[in-house]
Amino acid sequence: MGSQILVVLLCVLSWSFVSVSSQGQGGNNTNNNVTGASNISSVVQGTVVVDGDNTIGRTDEDFICATLDWWPPEKCDYGTCAWDHTSLINLDLNNQILLKAIQAFSPLKIRLGGTLQDKVIYDTPDNHQPCVQFIKNTSELFSFTEGCLPMYRWDELNAFFNKSGAKIIFGLNALMGRTIQPDGSAAGAWNYSNAQSFINYTVRHNYSIHGWELGNELSGSGVGTNVAADQYASDTISLHDIVQNIYSGIEPKPLVIAPGGFYDTNWFQTLITKAGNSVNAISHHIYNLGPGVDPNLVEKILDPSVLDNVVESFRGLQSLLRSAGSSATAWVGEAGGAYNSGHNLVSNAFVYSFWYLDQLALAASHDTKTYCRQSLIGGNYGLLNTTTFVPNPDYYSALLWHRLMGRKALATSFSGSNKLRVYAHCSKYSKRFTLLLINLDNSTTFEVNVGVNRTFTQQQHNNQKWHKHHSHHRSYSSTIRLPHRSKIGKMMREEYHLTAKDGDLHSQTMLLNGKILSVDSNGDIPSFEPSRVNSSELISVAPLSIVFARIPYILPACR
């Protein structure tokens, strides 16, 4: 009878809590809701609960990706020309900050593409057209004439990529051979002859390509123009066949990726069904904050309902892939938050990390394998400054994620407020786990307990062995032994508190545990030194701050 009562008590008390803490670093003062934290601050306590038994998503090891684009200096939005010399054609490949920024990831995936990729001619020996560059012309599709990639520039780019250790995804011109119809759609099959010649050239020169992607934003209603899904599926099969043929005898072969466009359920379903195993990754784009000119951009970034507005796309694509039994994986092939080059001092400032890190976490929790940020450099949303190449705040956010967050995403819940966004991953190369806490509130400090959601049944009690029991009361055979609470209390955890310089959300300077992050005179990326805190204390998340906390507690899901 006593053992039965014990089982009941254990099932009721199904939370096994691990107390954790910190001193909130920074997060200080400005005097309005837009620029920074309020002088008046309240303190709210709450509990984060992490499911320690199961994963809800799994990313690639090199989940973080960034883009390089084709836009020339004449690309302007809302009267501002924000691209300067950051095109694949004119980017300074000798810049040491650029090189070291990429090398810091070891490796960084880089997707080469964007709107103008569907107007690029590859100047291989088979090309008999003049190799001329993009010219601004508002009467043309995408407001530019066709442009050309000279093979000497492709050689230079690959020498740089090889030196930096980047993994390259190349976006191919998918409009070649098609005719724009009166209704704006692009009709006809893809003429792949120039692309095939380009892939041949790439293989002959032993250039390493991680993936070939077909087209940019031609799915659904498209941007500028669109291609029917069944035709796109046929073209994707053609690309697959080209890759299989040219890379015959070479392993591993590059991925075939499509469509690099905005999610449309019916269109994507047709592509996934008809392309079958010819496609390895289904890529979609995200600009869920609207136009860069929006004066309410900061308020939208700090609004949980706006951050959540992309969840249906993640869920929808995940569901389509599962229901089709597809071996393809989900990618975010391009995401800049606010379209048309973003917004200066917003999308290149501290405040954007609230959106960006939340996006990374949401994508990972829906089994997205790769997330490509628009852009590595260029526009107002570059991870690097367009003219100086020094990292913007989101660069450091991306690198911290890359170094701390492992492949496995864990389910979490928080009782307290929707203004504290909480995510968890198994730690990188560890059986322990790391929390990401994003405080969107400008006047509330959250003090957080962390609990691990475990439900136990008594089995072999005399041997002090505890067996996993699922929340739906299904038994498992593996054995878990929890450490004694006093032992946990002696453990130290690592914390990384991110805040804006002077509390100004528009600042392009990020603080880590109160210290400025910046490159040195040699362009070297700074090290990330954590605060070490006794695990018996609470985690304190200051207003308008972001915290990574690496918890020294082993989870079954992370074994």
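Computed over heavy atoms, backbone and side chain alike; hydrogens, waters and symmetry mates excluded.
- Checking side-chain atoms of Q103 against main-chain N and O of K163 turns up a donor-acceptor pair under 3.5 Å.
- For the 3.5 Å distance criterion, the side chains of D230 and T270 fail to qualify, holding no donor opposite an acceptor.
- S164 contributes a side-chain N or O that, together with a main-chain N or O of F160, makes up a donor-acceptor pair within less than 3.5 Å.
- The two residues R373 and S347 make their nearest non-hydrogen contact at NH2-O, 3.4 Å.
- Note on ring orientation: taking the six-membered ring where Trp is involved, the planes of W70 and F170 are perpendicular (angle over 60°, cut-offs 30° and 60°).
- Qualifying salt bridge (charged side-chain N to carboxylate O under 4.0 Å, His left out) partners for K274, counting only residues two or more places apart in sequence or in other chains: none.
- Note that OH of Y247 is 6.0 Å distant from CD1 of I209, once rounded to the nearest 0.5 Å.
- In the model, T86 has no side-chain atom that pairs as donor or acceptor with a side-chain atom of D84 under 3.5 Å.
- A distance of 11.5 Å separates CG in N296 from CG in L302, rounded to the nearest 0.5 Å.
- For R407 and F63, the positive end is not near the middle of the six-membered ring at less than 6.0 Å and at most 45° from its axis.
- Without hydrogens or angle criteria, T434 side chain to M405 main chain gives no donor-acceptor distance under 3.5 Å.
- Under the 3.5 Å distance criterion, the side-chain polar atoms of D394 are matched with a main-chain donor or acceptor of S353.
- Side-chain contact check for H285 versus E217: some heavy-atom pair is nearer than 4.5 Å.
- For E213 against S283, the heavy-atom pair with the smallest separation is OE2-OG, 2.6 Å.
- Taking the six-membered ring where the residue is Trp, W355 and Y352 present tilted rings, their angle falling between 30° and 60°.
- More than 12 heavy atoms of other residues, nucleotides or ligands lie within 6.0 Å of CG in D524, so this atom counts as buried by the packing criterion.
- Looking only at side-chain heavy atoms (C-beta outward), L383 and Y356 come within less than 4.5 Å of each other.
- One N or O on the side chain of Q117 and one on the backbone of G215 form a donor-acceptor pair closer than 3.5 Å.
- S143 places no side-chain N or O within 3.5 Å of a backbone atom of N137 that could act as its donor or acceptor partner.
- At a cut-off of 3.5 Å, with distance as the only test, a side-chain donor of Y423 or D358 sits close to an acceptor on the other residue.
- The six-membered or imidazole ring of Y395 lies away from that of F389, with a centre-to-centre distance of 6.0 Å or more.
- For the atom pair SG (C372) and CZ (R111), the distance works out to 7.0 Å, reported to the nearest 0.5 Å.
- F314 has its ring centre less than 6.0 Å from the ring centre of H284.
- Contact annotation: the side chain of L400 never approaches that of Y396 to less than 4.5 Å [non-hydrogen atoms, C-beta and beyond].
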Take D126 and Y201 through the test side chain to side chain donor-acceptor pair (under 3.5 Å) and record every step on the way to the result.
CA-CA 10 Å; D126 297 334; Y201 180 95; over 6 Å; no
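- Taking each heavy atom of A500 and L511 in turn, the nearest pair found is O-CD1, 4.1 Å.
- Residues H85 and P73 form a side-chain contact, since some pair of their non-hydrogen atoms from C-beta on lies under 4.5 Å apart.
- The CG atom of L149 sits 10.0 Å away from atom CG of N194, with the distance rounded to the nearest 0.5 Å.
- Without hydrogens or angle criteria, N158 side chain to Y207 main chain gives no donor-acceptor distance under 3.5 Å.
- Checked by atom type and distance alone, the side chain of S323 pairs as donor or acceptor with a backbone atom of L320 at under 3.5 Å.
- Shown here is K428, whose NZ atom has more than 12 heavy atoms of other residues, nucleotides or ligands within 6.0 Å.
- Contact annotation: the side chain of L172 approaches that of I199 to within less than 4.5 Å [non-hydrogen atoms, C-beta and beyond].
- Note on R58 versus D367: no salt bridge recorded, every NZ/NE/NH1/NH2 to OD/OE distance being 4.0 Å or above.
- Ring centers of Y496 and F528: at least 6.0 Å apart, outside the cut-off.
- Using a 3.5 Å distance cut-off with no hydrogens or angles, the side chains of Y78 and N340 do pair a donor with an acceptor.
- Looking at W401 and L357, their side chains come closer than 4.5 Å, going by heavy atoms from C-beta outward.
- Rounded to the nearest 0.5 Å, atoms CG (L399) and CZ (F105) are 4.5 Å apart.
- Between D235 and R178 there is a salt bridge, since a side-chain N of the basic residue sits under 4.0 Å from a carboxylate O of the acidic one.
- Y287 and E334 share a donor-acceptor pair across their side chains, judged by distance under 3.5 Å alone.
- Across all non-hydrogen atoms, the minimal contact from S87 to R153 is O-NH2, 4.3 Å.
- Side chains of K109 and W331 form a contact here, defined as non-hydrogen atoms less than 4.5 Å apart.
- The aromatic rings of F198 and W154 sit tilted, their planes meeting at an angle between 30° and 60°.
- With sequence neighbours left out, the side chain to side chain donor-acceptor pair (under 3.5 Å) criterion links E61 to no other residue.
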Tell me, with the steps shown, if N348 and N385 meet side-chain contact (heavy atoms from CB on, under 4.5 Å).
CA-CA 8 Å; N348 52 12; N385 183 282; 5.9 Å; no
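- Contact check for D241 versus N245: no side-chain heavy atoms found under the 4.5 Å cut-off.
- No option in V332, T59, I64, D60 other than V332 meets the side chain to side chain contact (heavy atoms under 4.5 Å, CB included) test with Y371.
- Aromatic pair W267/Y232: centroids less than 6.0 angstrom apart.
- Judged purely by distance below 3.5 Å, without hydrogens or angles, the side chains of T386 and W83 never pair a donor atom with an acceptor atom.
- Note that CD1 of I169 is 10.5 Å distant from OG1 of T67, once rounded to the nearest 0.5 Å.
- Within a 6.0 Å sphere centred on OH of Y263, other residues, nucleotides and ligands contribute more than 12 heavy atoms.
- For K119 (side chain) and L141 (main-chain N/O), a donor-acceptor pair under 3.5 Å exists by modelled atom type.
- The main-chain N or O of A363 is found under 3.5 Å from a side-chain atom of T368 such that the two form a donor-acceptor pair.
- In this structure, S278 and I237 approach most closely via the heavy-atom pair OG-CG1, 3.5 Å.
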